[in-house]
Undergrad: 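One structure coming up, written as structure tokens, with questions to follow.
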There are 2 protein chains.
Amino acid sequence: MQTYSSITARRAEPIPFAGPFAGPADLDEINLVGLPIAYARDREIFGEGEPANKVYKVISGAVRVFRILADGRRQILKFCLPGDVFGIEMGAEHNANAESIGDSLVVVALRSHVLGDDASLSPRLWRLAMSDLRRSHDQILNLGRRSASERLASFLAEMAERLGDEGTIELPMSRQDIADYLGLTIETVSRTLTQFRSLGLITIRDCRTISIERPTVMTALCA
Amino acid sequence: MQTYSSITARRAEPIPFAGPFAGPADLDEINLVGLPIAYARDREIFGEGEPANKVYKVISGAVRVFRILADGRRQILKFCLPGDVFGIEMGAEHNANAESIGDSLVVVALRSHVLGDDASLSPRLWRLAMSDLRRSHDQILNLGRRSASERLASFLAEMAERLGDEGTIELPMSRQDIADYLGLTIETVSRTLTQFRSLGLITIRDCRTISIERPTVMTALCA
DNA sequence: CGCAGTATTGACTGGGATCAAGGAGCGTGG
DNA sequence: CCACGCTCCTTGATCCCAGTCAATACTGCG
């Protein structure tokens with residue numbers, strides 16, 4: 001069984017930048033004002049059980065949010081790409097872990113600046129939470145009812161949509177991360193991608209750079 | 001493969017009660033004021049793609065919220081029990097289906113009465129969304145990384161917590177519903193329950209009535 | 001009783017996990 | 001420059017958990 005024990009991230013020694021910083025402005029984005037912090041790859045940003053008094057937004061790089069079972073099995077709940085907000089919880093403690101995937105820049109703000117203590121909430125924050133919920137539902141459907149190749153196809157479709165450039169995807173995450181996101185093993189991920197390649201659905205330039213050659217067929221494969 | 005084609009719910013012909021009605025008051029609950037509607041078992045409450053201009057709250061009975069793949073595979077996203085709210089979406093359309101499980105009473109309110117058009121949101125509603133998100137994450141972990149018996153054990157633990165009476169659970173849903181919630185088949189659910197019974201972990205009075213005899217062992221089985 | 005829907009049980013299959021062995025990319029140091 | 005080690009990825013062989021197919025039992029209900 002693949003476990004998490006061998007790939008534990010070191011506790012972050014973040015490098016704070018000078019001065020406050022706002023993320024890229026966008027009508028539909030949460031415009032976090034806070035301290036930008038640079039994380040090297042595989043650094044813990046927060047852990048399960050820690051006080052959830054901050055919220056985070058990815059500026060560059062990528063972040064994995066995940067939970068771990070006692071025996072080391074890991075499930076990635078979401079990949080956060082530039083613009084994505086993470087770390088917002090209902091309770092006082094985080095019930096998931098977050099780590100940088102590659103070298104990443106993250107803006108950190110105080111939770112109290114975003115969530116008025118018990119006052120009104122921003123509709124943007126609401127949309128954010130609801131789109132997270134929507135994405136979680138997609139993932140539940142994937143994990144519960146789709147086969148390995150269907151999961152891979154919809155993963156590639158999701159990534160193409162989120163960071164695709166003319167059908168070419170530059171993946172920030174490893175095969176192990178993909179496996180832990182899709183509820184598969186690294187071997188199955190690798191084998192299925194090879195299979196897609198030999199069917200002419202994708203080309204794999206290097207293992208992090210994938211082009212979707214037959215988008216229509218790929219979409220159909222999602223079932 | 002188990003598909004949904006054979007178990008399609010008939011479109012509801014709901015029986016509206018006279019007059020407005022408020023759900024049971026509770027500090028932490030959304031106190032929907034709206035029209036109570038009685039649904040017979042297996043009636044559609046709303047479907048994917050329909051306008052999401054109403055929100056719902058279970059008064060009695062139970063509701064399944066689910067999504068369906070084109071070929072009929074079904075994944076239940078959540079079971080709603082008395083007190084639970086469902087049908088809140090970000091966009092203008094539902095992206096899931098909801099059906100009554102047994103005969104159920106549901107309060108229906110206009111979405112605009114709950115979600116101020118673009119103004120402030122109630123913190124209660126926020127807690128509701130965040131606890132939904134939390135539960136979704138639990139389910140993602142279940143589906144992605146736990147075995148059939150671990151899923152059953154955590155399902156029973158969840159149900160015991162939500163509607164257990166001294167360790168005895170009166171399940172509102174069928175084996176098929178449980179299977180579609182846990183990403184399993186009905187046969188695996190049945191076999192695993194039989195296995196739990198022969199291990200002395202549970203007793204099955206009738207197939208909807210289950211008592212947890214060894215709660216500690218059961219919790220340990222969740223992994 | 002007979003019928004229909006639901007649940008259980010059994011026999012067998014197969015998709016994906018596990019175990020194991022290379023291969024490719026890459027930084028480091030000689 | 002190449003050799004070496006390290007990490008990540010790929011590929012192959014085999015296994016096993018859960019799915020599939022099929023038969024039987026249970027439960028209401030007319």
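Note on naming: letters A, B, ... go to the chains in the order of the sequence lines (proteins, then strands), and numbering restarts at 1 for each one.
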Undergrad: Rounded to the nearest Å, what distance is computed from the CG atom of residue A:Leu193 to the P atom of nucleotide D:dC8?
TA: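 Taking atom P of D:dC8 as the reference, CG of A:Leu193 is at 17 Å.
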Undergrad: Separation of A:Asp180 atom CG from D:dC8 atom C1', in whole Å?
TA: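 Interatomic distance, CG of A:Asp180 to C1' of D:dC8: 14 Å.
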Undergrad: Could you state the atom-to-atom distance from CZ of B:Arg175 to C1' of C:dG5 in whole Å?
TA: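 Rounded to whole Å, this separation is 14 Å.
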Undergrad: Over 60° means perpendicular and under 30° means parallel, so classify the ring planes of A:Tyr56 and A:Phe46, tilted if in between.
TA: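 Tilted: the ring planes of A:Phe46 and A:Tyr56 meet at 30° to 60°.
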Undergrad: Below 4.0 angstrom, which residues in residues 198-210 of chain B have at least one non-hydrogen atom near DNA chain C?
TA: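 Those residues whose heavy atoms fall under 4.0 Å from DNA chain C, taken from residues 198-210 of chain B in numerical order, are B:Cys207, B:Arg208.
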Undergrad: How would you list, by chain and number, every residue that makes a side chain to side chain contact (heavy atoms under 4.5 Å, CB included) with A:Ser131, sequence neighbours excluded?
TA: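 Partners of A:Ser131 under the side chain to side chain contact (heavy atoms under 4.5 Å, CB included) test: B:Met90.
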Undergrad: Got a list of side-chain donor-acceptor pairs under 3.5 Å for residues 166-173 of chain B, not counting sequence neighbours?
TA:
from, atom 1, to, atom 2, distance (Å)
B:Thr168, OG1, B:Ser211, OG, 2.8
B:Glu170, OE1, B:Thr209, OG1, 3.4
B:Glu170, OE2, B:Thr209, OG1, 3.1

Undergrad: Atom CD of A:Gln195 to atom P of D:dT10: distance rounded to whole Å?
TA: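 It works out to 13 Å between those atoms.
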Undergrad: With sequence neighbours left out, write down each residue that passes side-chain hydrogen bond (donor to acceptor under 3.5 Å, both in side chains) with B:Lys54, or none if nothing qualifies.
TA: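 None.
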Undergrad: Rounding to a whole Å, what distance do you find between B:Ile178:CD1 and D:dA18:P?
TA: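 Value for this atom pair: 16 Å.
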Undergrad: Could you tell me whether a side-chain N or O of A:Ser174 sits under 3.5 Å from a main-chain N or O of A:Asp177, the two making a donor and an acceptor?
TA: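 Yes; judged by distance alone, with no hydrogens or angles, the pair exists.
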Undergrad: Would you mind classifying the nucleic acid contact of A:Ser190 as base, sugar-phosphate or nothing, using non-hydrogen atoms under 4.0 angstrom?
TA: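 It contacts base atoms.
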Undergrad: Please report, rounded to the nearest Å, how far the C1' atom of C:dG5 is from the CG atom of B:Asp42.
TA: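 In whole Å, C:dG5 C1' and B:Asp42 CG are 11 Å from each other.
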Undergrad: Quick one: salt bridge (Lys or Arg N to Asp or Glu O under 4.0 Å) partners of A:Arg197, sequence neighbours excluded?
TA: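 Partners of A:Arg197 under the salt bridge (Lys or Arg N to Asp or Glu O under 4.0 Å) test: none.
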Undergrad: Which pairs, with at least one residue in residues 195-215 of chain A and sequence neighbours excluded, count as a ring-ring contact (aromatic ring centres under 6.0 Å, His included)?
TA: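 Matches after skipping sequence neighbours: none remain.
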Undergrad: In whole angstrom, what separates B:Asp71's CG from D:dT20's C1'?
TA: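 Checked: the CG to C1' distance equals 15 Å.
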Undergrad: Check the distance between C:dC19's C1' and A:Ile186's CD1 and give it to me in whole angstrom.
TA: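 For the pair A:Ile186 CD1 and C:dC19 C1', the rounded distance is 14 Å.
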Undergrad: For residues 160-193 of chain A, which residue pairs pass the ring-ring contact (aromatic ring centres under 6.0 Å, His included) check, not counting sequence neighbours?
TA: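 For residues 160-193 of chain A: A:Phe79-A:Tyr181, A:Phe155-A:Tyr181.
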Undergrad: For a quick test of reading the model: is some side-chain N or O of A:Arg197 closer than 4.0 Å to OP1 or OP2 of D:dT11?
TA: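 A:Arg197 to D:dT11 OP1/OP2: side-chain N or O found under 4.0 Å.
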Undergrad: Can you name the salt bridge (Lys or Arg N to Asp or Glu O under 4.0 Å) partners of A:Glu89, sequence neighbours left out?
TA: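 None.
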Undergrad: Output all residues satisfying salt bridge (Lys or Arg N to Asp or Glu O under 4.0 Å) with B:Arg146, sequence neighbours left out; order by chain, then residue number.
TA: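 None.
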Undergrad: Residues two or more places apart in sequence or in another chain: which of them pass side chain to side chain contact (heavy atoms under 4.5 Å, CB included) with B:Thr185?
TA: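 Once residues adjacent in sequence are excluded, the partners of B:Thr185 under the side chain to side chain contact (heavy atoms under 4.5 Å, CB included) criterion are B:Glu187, B:Thr188.
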Undergrad: Given D:dT10, D:dT11, C:dT8, which nucleotide is nearest the side-chain atoms of A:Thr194?
TA: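 Comparing D:dT10, D:dT11, C:dT8 against the side chain of A:Thr194, the answer is D:dT11.
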Undergrad: If an axis is fit to five pairs at each end of the helix from C:dC1-D:dG30 to C:dG30-D:dC1, what is the angle between the two, to the nearest 10°?
TA: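 The end-segment axes of the helix from C:dC1-D:dG30 to C:dG30-D:dC1 are tilted 20° relative to each other.
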Undergrad: Can you give one letter per nucleotide of nucleotides 11-17 of chain C, going 5' to 3': B for a protein heavy atom under 4.0 Å from the base, S for sugar-phosphate only, - for none?
TA: B----SS
